[in-house]
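Working notes for the structure below.
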Amino acid sequence: MRLKQVSLVAALSVVAGLTTATVGTVAYADDVAALPLSGYAHLVVDRAHRHVFISQGTGSSGILVTDLSGTPVTTLTGEQGANGLALSPDGGTLYAALPDGGAIVAIDTATLLETARWPTGAGTSPVSVAVAGGRVWYGYAAAGKGGIGSIDPSAPAPVATPQPALSQWTTAPLLATGGDVLAAEEPQGSLSHVATFGVAPGTASPMADTLVYGGTATGLAVTGDGKRLLLAAPQQLALRAYRSTDLAAADPAAYFTGGSGSAPGSVAVDTDGTVAVAGASGVHLYAGTNNLAENHLTLPSGEVAPDGLEWGADGTTLYAVTEDPSGAYRLNVLDAPKLTDTELALRPPQYAVPTERYTVGGSFSTRGLLPAGAALEVTRDGTALPGVTLGADGTFTFTDVQQDEGPYTYQVAYPGDATHRPATASLTVHVAKLPTGVVSTDIASANPGSVVFTGRLSSQLGLGTFPQGTTVQVARRDEATQRTVPLGSVPVDPSTLRFTVTDAPGAAGTFTYVLTYAGDTTHQPSESGTGLVVAPYAPALTLNAPTSATRGAVLSFGGKLGDGPYAAGRTVTVSRTDAAHTTPVTWTAPVAADGTITVKDTPDTGGATTYTVTFPGDATHKSATAVTTVQVSRAATALTVTSSAPSYAYGATATVTAHLGTTYNGRTVSLYATPYGGTKTLVTTGTVDANGNLRATYKVTRNTTFTASFAGDHRYAPATATRTVNGYVKIATALSGSYTSATYSGISYRVFHKTVKPTVTATVTPNKAGQCERFQVQQYYSGAWHTLTTSGCYGLSSTSSAKAQLSLTHALNQKFRVRSEYERSTKDLGNVSTWGGWLYLVVRT
C-alpha cells in the first residue's frame, strides 16, 4: 500500500545552520476510480467474484457493477430506485430493495442476472435489506407508516411478508444484522428510535426498543458477534455504540471522528472487529473496543458519502465512495488501512565538527504499539552505514565522524511490518568548524610599569572543547606611532577558557592589544583588538610630620612618593601658611630615587601651621599633593572677668569688666553673656584700654554666666575666663479687703475692719509655676517689729501667683506688716530665692 498519512513537515536546525531535517508521509487511496453515478445509496463488495455493487437510490434504474479497482463492468438495469443491498451468507446472491418498484430482488452474483423478484405490496417502498437467521429482512414504508418484513428464500414459493410484531415505525426503518441480531433505526428529531431482535431461529423476537442518541442516521452496523450496535448520525459529535441486549451505552460508548462538525455518517465493522467510521474530517479506524483511533485517513477525492464504507471480506481492504463538491463520485480502494501509521523524526547533533564524533538522535512514533527492537536502516549520502535498533521508548541514536567540512545527508528507514507502515526520515548535517571569539574582560592595572588584563576564548554557544596547550598570541600597537610589538603567547586555561596578559609599556599613551587565536582542527581562527589608555601613575604622597612643634626651633619631617623610581633632579614644592602668613612661604625640596622627601623649617609664628607638599608630575607620574598641620607652641597670658556685684535684682544692670594680661600683637577681647536656659550672646568686642580692661553693662533677669574670650595672637595662645552672677526674681505683693488707708511715721497703711480677713497675693516674675512661695506676718509693739508667723509653702499657680488670708485676733488698733518669699527649689537653676517688699496694715472697728 502507498503512503496514507497526512503530510507532516518539520524543520530542525542548530546554530549556524549546522543541521536541517524533513520527515513525513501522505495518506491517499491505492486506487481511486471515477464512478458514473447519478446518485449514491449503498455499497456491497463481492470479493469472490471480484465485483463491487453500488446502488443509486430513488429515481435510478440500475445497479452499477465495477471490478475491485472501481472500473465499471456493467449496470444491472430494470432495478427501479435500487437502495439497500445485502449479500447472502454464501455470497452467491445479491439482495436489493427497490423502493420505486415495490419489491425485493435476488441477483445471481456469478451471472449478474436477476433470479427472483418478491413484491412487497401495493404502495410499499422498501428501502433497506439485511440477511440473518436464514431470512431476508427489509424495511419499508406504506400508508405513511414504516414496517419490517421478511422473506424465506429457501421456501418452495417465497413471498415478502410484513412482520407487524416488529414494533411500529413512522418511516421506513434502516436495517442491519450481525450474528443472530437484527437492528432497526428511524430518526426521532435529535434522537433515534432503535429496536433489536433475536433472529436465530428464523423468526424475530424483540430484545430492546427505545430512543437513543442519534438523529437522521445514515450508518447502522451490528458487530459480528451481535453484541454491539453502532449508530452513525451526522448530528452527533461521535459514532455511538450500544449494547444489543438492552440498548444501554456500550463500553466504549463513543468513537470520535474529529470533534465538533465532524458529522459521522458512515460505519463499517470488519470480521475482526475493526471499526471504520467516516465523517467530515476523514476516516478513523478503531481496533474493536479500543476507542483510541489507530489510524486517521484523509481522502483527497472528497468526503465519504453517507453509508459509503464497506470492508472487503479479506481482512485488509476498505472501500469508500466519496463525493466531491461538484457532485462527482469516486470509489477509493484502501488495501491496507489497518496498518498503523508510523513516523520517524531525526534530531540533529548539538554540533558537528571535523575529526570529532557526533551523535544523531531520532524517535519513532505510532498510534499502535511500538515495535521495540525493530531494525532501522541508516545511509549517509546513499552509502549504507551500520543499522540501529529501535529502543523500548521509541528512540534511537547513531554516531558518525567526518574529517572534512561540508554537508552530509543521513536517511533512516523503517521497512514496516505486519501491523506498521514503513517510514523514512532524512537529515542534513553541516559539518563545520565552530566559530570562536577572543575578547578581553577585566583590567587589573593600566599604567606605564604594569598593564594586566584577563581575556576569554569562546566557541559559538559554548560548544566544543579546547585542548590543553591552547594559546592566544598577543601584540601591542602604539596608536601614536603605529608601531607594533609582539609580546608572545599566553596559555588558555582549558577549564575556564581564560588567559592573562601582562605587559610593561614603559610610557603612558593609547595602545591596542591585538589578541589572535590560530584555530585548530575543530575551531575557526579569530582575532580581536582591545583599546587601552595607559595613564601615568597616580602616586600616593604621604607625610609624617609631628602634631606639635616649638616656636623658633628647627622642625624637620619626612614624606614619601609612591610608584618609584624617580629620575634625578625631581623636586617637590613646599608651602607654609600660618597666622602671620596668609600668602604662603614657598621653597623646594629634592625627591630621592625611591620617592623619599625631607622637609625642614623654623616656624616663628605659633598656632596652627599648615605645610602643603606638591609634586608637579613627570612623564610617567601624575601630580600629587599632601597637606599636614602642625600646632606650633605659644605662651600663655592672664585673662579675668569680674562683675559689679555677685547678685542682682530682677532687671538690674550689671557692670562686667574683662582684664587681659601681656600679649604680643593682639589686644582684642570679646565679652559674652549666657543667661540660664538661654543662648550665649555677644555683649561687646573691643580692644582693652591701657590698663588691659574692657567694660560692658548687661541687664540681669536670671542667673547669668559672663565669658571673656581672647583669640590669641602670633605668640600667645587663646584664653577664656568666666564669672557667674545670681539673678533675683521680681515679686509683686498686693492686699485686698481694706476700706481706706492711713499714714503713720511716713508709711502708708491699709485700714481693715476687725471682722475682715485680709487677702495677700504674691505674683512672681519670671513664671515659676509649681515652685514654693511663703508668707511672713509681723506686728509692731514695744517699739519694734516682731514676727508673728511664717507660713508653709504655697505652690505657685500656672500664672505664677499664690494667695493667703490673714487671721488677726486681738488686733484692734494694732499695726501689722506682711511680705512673701520665693523659695528656689533644687530644680530651679535660673534664679535664687528672693524676699518681696513689706505691705503695712492696721485694724480698726
Is the shortest heavy-atom distance from the side chain of L543 to the side chain of V613 under 4.5 Å?
yes
Donor-acceptor side-chain pairing of T436 and Q524 below 3.5 angstrom:
no
Let me confirm one number: the CG-CG distance from L457 to D493, rounded to the nearest 0.5 Å.
11.5 Å
State whether K338 and D272 are salt-bridged, where the test is any N-O pair (Lys NZ or Arg NE/NH1/NH2 against Asp/Glu carboxylate O) under 4.0 Å.
yes
Would you mind reporting whether V501 and V452 have side-chain heavy atoms less than 4.5 Å apart?
no
Is there a side-chain contact between S440 and F499, using heavy atoms and a 4.5 Å cut-off?
no
Quick one about T399 and T359 (side-chain donor to acceptor, distance below 3.5 Å, no hydrogens or angles considered), yes or no?
no
D618/R570 ion pair, N-O < 4.0 Å
yes
Is R576 salt-bridged to D578, cutoff N-O under 4.0 Å?
yes
Let's go through S363 and R347 carefully: what are the C-alpha distance in whole Å and the side-chain angles of both, what is the deciding distance for side-chain contact (heavy atoms from CB on, under 4.5 Å) to 0.1 Å, and is it a yes or a no?
CA-CA 8 Å; S363 62; R347 184 178 64 255; 5.7 Å; no
Begin with the C-alpha distance, continue with both residues' side-chain angles, and end with the deciding distance and a verdict on salt bridge (charged side-chain N to carboxylate O under 4.0 Å, His left out) for R330 and D324.
CA-CA 8 Å; R330 290 176 175 82; D324 65 19; 2.9 Å; yes
Between T383 and D381, does any side-chain donor sit less than 3.5 Å from a side-chain acceptor?
no
Check whether the side chains of S281 and S262 place a donor and an acceptor atom closer than 3.5 Å, and report yes or no.
no
Quick one, V534 and P448 - any side-chain contact, counting heavy atoms below 4.5 Å?
yes
Would you confirm whether E405, through its side chain, and K433, through its main-chain N or O, come within 3.5 Å as a donor-acceptor pair?
yes
Check: E479/T512 side-chain N/O donor and acceptor closer than 3.5 Å
yes
Could you tell me whether the side chain of H581 and the main chain of T605 form a donor-acceptor pair under 3.5 Å?
no
Checking the side chain of D478 only, and the main-chain atoms of F511 only, is there a donor and an acceptor separated by less than 3.5 Å?
no
Distance-only polar pair, side chains of D393 and T395, donor-acceptor under 3.5 Å:
yes
Tell me yes or no: between the side chains of T588 and T573, is some donor less than 3.5 Å from an acceptor?
no
Backbone of S450 reached by a side-chain donor or acceptor of S445 within 3.5 Å:
yes
Pick one: which of D417, T366, L285 meets side-chain contact (heavy atoms from CB on, under 4.5 Å) with T340?
T366
Pairwise side-chain contact, L532 with T510, heavy-atom cut-off 4.5 Å (strictly under)
no
Any ion pair linking D341 and R421 (charged N to carboxylate O, less than 4.0 Å)?
yes
Students often mix this up, so state it plainly: with edges at 30° and 60°, are the rings of Y517 and F466 parallel, tilted or perpendicular?
perpendicular
With a 3.5 Å cut-off and no angle check, do the side chains of T317 and D335 form a donor-acceptor pair?
no
Name the one of V585, V632, T550, V630 that satisfies side-chain contact (heavy atoms from CB on, under 4.5 Å) with P603?
V632
Q631 and S548: CA distance, side-chain angles, deciding distance, side-chain hydrogen bond (donor to acceptor under 3.5 Å, both in side chains) verdict:
CA-CA 4 Å; Q631 295 293 333; S548 62; over 6 Å; no
Gap separating the OG1 atom of T316 from the CG atom of D270, nearest 0.5 angstrom:
8.5 Å
Donor-acceptor pair between D404 and Q402 side chains, under 3.5 angstrom:
no
To the nearest 0.5 Å, what is the distance between CG (N447) and NZ (K622)?
10.0 Å
Judged by modelled atom types alone, do D31 and S69 share a side-chain donor-acceptor pair under 3.5 Å?
no
Test log, rule side-chain hydrogen bond (donor to acceptor under 3.5 Å, both in side chains), inputs T629 and T610:
CA-CA 4 Å; T629 298; T610 300; 3.3 Å; yes
Between T586 and V574, does a side-chain contact (heavy atoms from CB on, under 4.5 Å) hold up when you go through it step by step?
CA-CA 6 Å; T586 303; V574 183; over 6 Å; no
Ring centers of F256, H284 separated by less than 6.0 Å:
no
What distance do S365 atom OG and L370 atom CG have between them, rounded to the nearest 0.5 Å?
8.5 Å
Which is it for T355 and T522 under the side-chain contact (heavy atoms from CB on, under 4.5 Å) test, yes or no, and what are the steps along the way?
CA-CA 7 Å; T355 74; T522 61; 3.7 Å; yes
Run through L376, T379, V360 and flag the one making a side-chain contact (heavy atoms from CB on, under 4.5 Å) with V412.
L376
Close aromatic pair by centroid cut-off 6.0 Å: Y351 and Y358:
no
Once you round to the nearest 0.5 Å, how far does CG of D400 lie from CD of E356?
13.5 Å
Let me see the working for F453 and D442 under side-chain contact (heavy atoms from CB on, under 4.5 Å), right down to the final yes or no.
CA-CA 6 Å; F453 65 89; D442 302 320; over 6 Å; no
Can you tell if the side chain of Y513 reaches within under 4.5 Å of the side chain of V451, non-hydrogen atoms only?
yes
For this output row, return yes or no: ring centroids of Y566 and H621 closer than 6.0 angstrom.
yes
Lys/Arg cation over aromatic W587: K600, 6.0 Å, 45° cone
no
Candidate pair T322 and S301, rule side-chain hydrogen bond (donor to acceptor under 3.5 Å, both in side chains), full reasoning:
CA-CA 6 Å; T322 58; S301 59; 2.8 Å; yes
